[in-house]
Protein chains: 2
Amino acid sequence: MQKNIETFITDTLHKKGMRMTRPKKEFLDFFTSEEYLKTPQELLENIKQHNINIGLTTVYRMLNYLMEAGLTKAYSINGELRYIFCPPDHHYHMICVKCLRVKNIFDCPVKDVKVDGFKIQSHQVDFFGICDECSKKEVNK
Amino acid sequence: MQKNIETFITDTLHKKGMRMTRPKKEFLDFFTSEEYLKTPQELLENIKQHNINIGLTTVYRMLNYLMEAGLTKAYSINGELRYIFCPPDHHYHMICVKCLRVKNIFDCPVKDVKVDGFKIQSHQVDFFGICDECSKKEVNK
DNA sequence: CTCTTATAGAAAATTATTTTCTATAACTAT
DNA sequence: ATAGTTATAGAAAATAATTTTCTATAAGAG
């Protein structure tokens with residue numbers, strides 16, 4: 001976890017009277033630098049593989065908190081909810097449909113416009129494709 | 001449900017050895033013309049309000065089937081999975097963040113391109129905003 | 001119209017998620 | 001630093017969401 005993200009999240013927590021603790025840090029340390037869409041279970045397992053012990057409840061609580069804070073996004077893939085950390089100012093996702101790797105894309109060309117009677121408030125653009133590594137693995141590219 | 005959609009889905013079902021039945025038709029009749037993101041429970045309730053009786057299991061089975069067929073999309077909103085029917089050739093969604101109304105937008109300006117090592121295979125663009133009706137209801141527009 | 005087989009839906013089983021509870025640890029004020 | 005206050009972690013229990021099982025029924029083929 002980059003220092004600035006940790007500081008940012010710690011400040012956000014404090015504004016709500018919440019505390020930055022070891023389990024939260026351990027979770028964020030892993031989650032904020034994870035590149036793949038993961039289920040809560042997978043996140044816990046991955047973290048435990050690093051010999052770090054936190055509870056599943058903490059994973060759920062952090063995911064809920066980060067979702068509310070707009071710092072995480074959930075995708076329903078094959079009936080499973082999978083999560084990815086979203087840096088504060090990201091706009092696009094590039095998602096590999098094979099390995100579920102996600103890349104954040106920051107530059108946003110879309111302006112505030114009115115479409116078909118709707119005032120645009122926010123937007124998300126998600127591209128689904130094959131990442132370079134999965135391309136290499138393909139027999140029939 | 002428009003005739004052409006029903007025919008299209010019936011054909012798709014038959015290709016898999018599945019049958020078009022009264023409960024499936026009742027569900028599709030409602031779901032394919034529903035404009036708002038709904039939970040499975042809500043869909044069932046709405047259908048029952050029309051004095052039509054189908055089971056929750058059928059709702060889940062149809063949603064799973066339509067998701068697989070690419071004819072439905074799920075959004076995780078406030079921790080709830082909400083579904084919307086997607087016509088075969090839609091590309092964009094306009095989603096009202098207040099009432100969860102969804103409009104399909106068909107024209108797609110995005111081409112097959114390679115971005116940051118990813119070959120784009122499909123994409124989705126989801127705009128979140130305030131629909132015209134919710135705009136009218138707002139005190140502070 | 002008959003026959004074969006997918007189906008609906010109730011109930012049970014399973015899975016995912018949230019809540020409860022209490023010892024512990026984080027921050028505040030001394 | 002240290003003591004006091006209160007949010008917290010995480011296990012267990014509770015709940016909610018979803019899937020599976022099972023069998024009478026109905027769809028569609030011939």
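In the text below, chain A, chain B and the rest are named by the order of the sequence lines, each starting its count at 1. Atoms considered below: every heavy atom in the structure, side chains included; atoms not considered: hydrogens, waters and symmetry mates.
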Exercise. Find the distance between CG (A/Leu71) and OG1 (A/Thr12) and round it off to the nearest 0.5 Å.
Key: 6.5 Å

Quiz prompt | Set of side chain to side chain donor-acceptor pair (under 3.5 Å) partners for A/Glu80, sequence neighbours left out | solution = A/Arg82

Self-check item: Distance in angstrom units between B/Lys24 NZ and C/dA8 C1', rounded
Solution: 9 Å

Quiz item: Given A/Glu34 and A/Tyr83, is the side chain to side chain contact (heavy atoms under 4.5 Å, CB included) satisfied, shown in steps?
Solution: CA-CA 10 Å; A/Glu34 174 56 52; A/Tyr83 297 84; over 6 Å; no

Quiz prompt | side chain to side chain contact (heavy atoms under 4.5 Å, CB included) between A/Tyr75 and A/Leu100, worked out | solution = CA-CA 10 Å; A/Tyr75 288 89; A/Leu100 302 181; over 6 Å; no

Practice problem: Find the distance B/Leu13:CG to C/dT5:C1' and express it as a whole number of Å. | Solution: 16 Å

Exercise. Send over the distance from A/Leu44 CG to D/dA9 P, rounded to a whole Å.
Key: 14 Å

Quiz item: How many angstroms lie between atom SG of A/Cys99 and atom CD of A/Glu35, to the nearest 0.5 angstrom?
Solution: 9.0 Å

Practice problem: State, to the nearest 10°, the angle formed by the axis through the first five base pairs of the helix from C/dC1-D/dG30 to C/dT30-D/dA1 and the axis through its last five. | Solution: 60°

Practice problem: Just say parallel, tilted or perpendicular for the rings of B/Phe85 and B/Phe31, cut-offs at 30° and 60°. | Solution: perpendicular

Quiz item: Over how many whole Å does the gap from B/Glu42 atom CD to D/dA16 atom C1' extend?
Solution: 15 Å

Exercise. Answer with yes or no whether the hydrophobic clustering places B/Ile5 together with B/Tyr36; edges join I, L, V, M, F, W, Y residues whose side-chain heavy atoms lie under 4.5 Å apart.
Key: no

List, one per line, each side-chain donor-acceptor pair under 3.5 Å for residues 46-65 of chain B, sequence neighbours excluded.
residue, atom, partner, partner atom, Å
B/Asn46, OD1, B/Lys38, NZ, 2.5
B/Asn46, ND2, B/Glu42, O, 3.3
B/His50, ND1, B/Asn46, O, 3.0

Self-check item: Whole-Å distance separating the CG atom of A/Leu81 from the C1' atom of C/dT18
Solution: 15 Å

Atom pairs and distances, donor-acceptor, side-chain atoms in residues 14-21 of chain A, under 3.5 Å, two or more places apart:
residue, atom, partner, partner atom, Å
A/Thr21, OG1, A/Lys24, N, 3.4

Quiz item: For A/Gly17, which contact category applies under a 4.0 Å heavy-atom criterion: base, sugar-phosphate, or nothing?
Solution: sugar-phosphate

Practice problem: Report the distance from atom OG1 of B/Thr72 to atom CE of B/Met67, rounding to the nearest 0.5 Å. | Solution: 7.5 Å

Quiz item: How long is the line joining CG of B/Asn53 and C1' of C/dG9, in whole Å?
Solution: 9 Å

Self-check item: Pairwise 5' ranking along DNA chain D for A/Pro23 and B/Leu56, keeping only the more 5' one
Solution: A/Pro23

Quiz prompt | Minimum-distance pair of heavy atoms, taken over all atoms of B/Asn104 and B/Pro87 | solution = ND2-CD, 3.4 Å

Quiz item: Which whole-number value in Å describes the distance from B/Tyr65 OH to C/dA6 P?
Solution: 15 Å

Polar atom pairs between nucleotides 22-28 of chain C and protein, under 3.5 Å, N or O only, would you list them?
residue, atom, partner, partner atom, Å
C/dA26, N3, A/Arg19, NH1, 2.9
C/dC27, OP1, A/His14, NE2, 3.3
C/dC27, OP1, A/Met20, N, 3.3

Quiz item: Does the side chain of A/Asn64 get closer than 4.0 angstrom to OP1 or OP2 of C/dT17 through an N or O atom?
Solution: no

Quiz item: Once you round it to whole Å, what is the distance between C1' of C/dT17 and CZ of A/Arg61?
Solution: 12 Å

Exercise. Heavy atoms under 4.0 Å is the rule here; annotate nucleotides 11-16 of chain C 5' to 3' with B where the base is hit, S where only the sugar-phosphate is, and - elsewhere.
Key: B----S

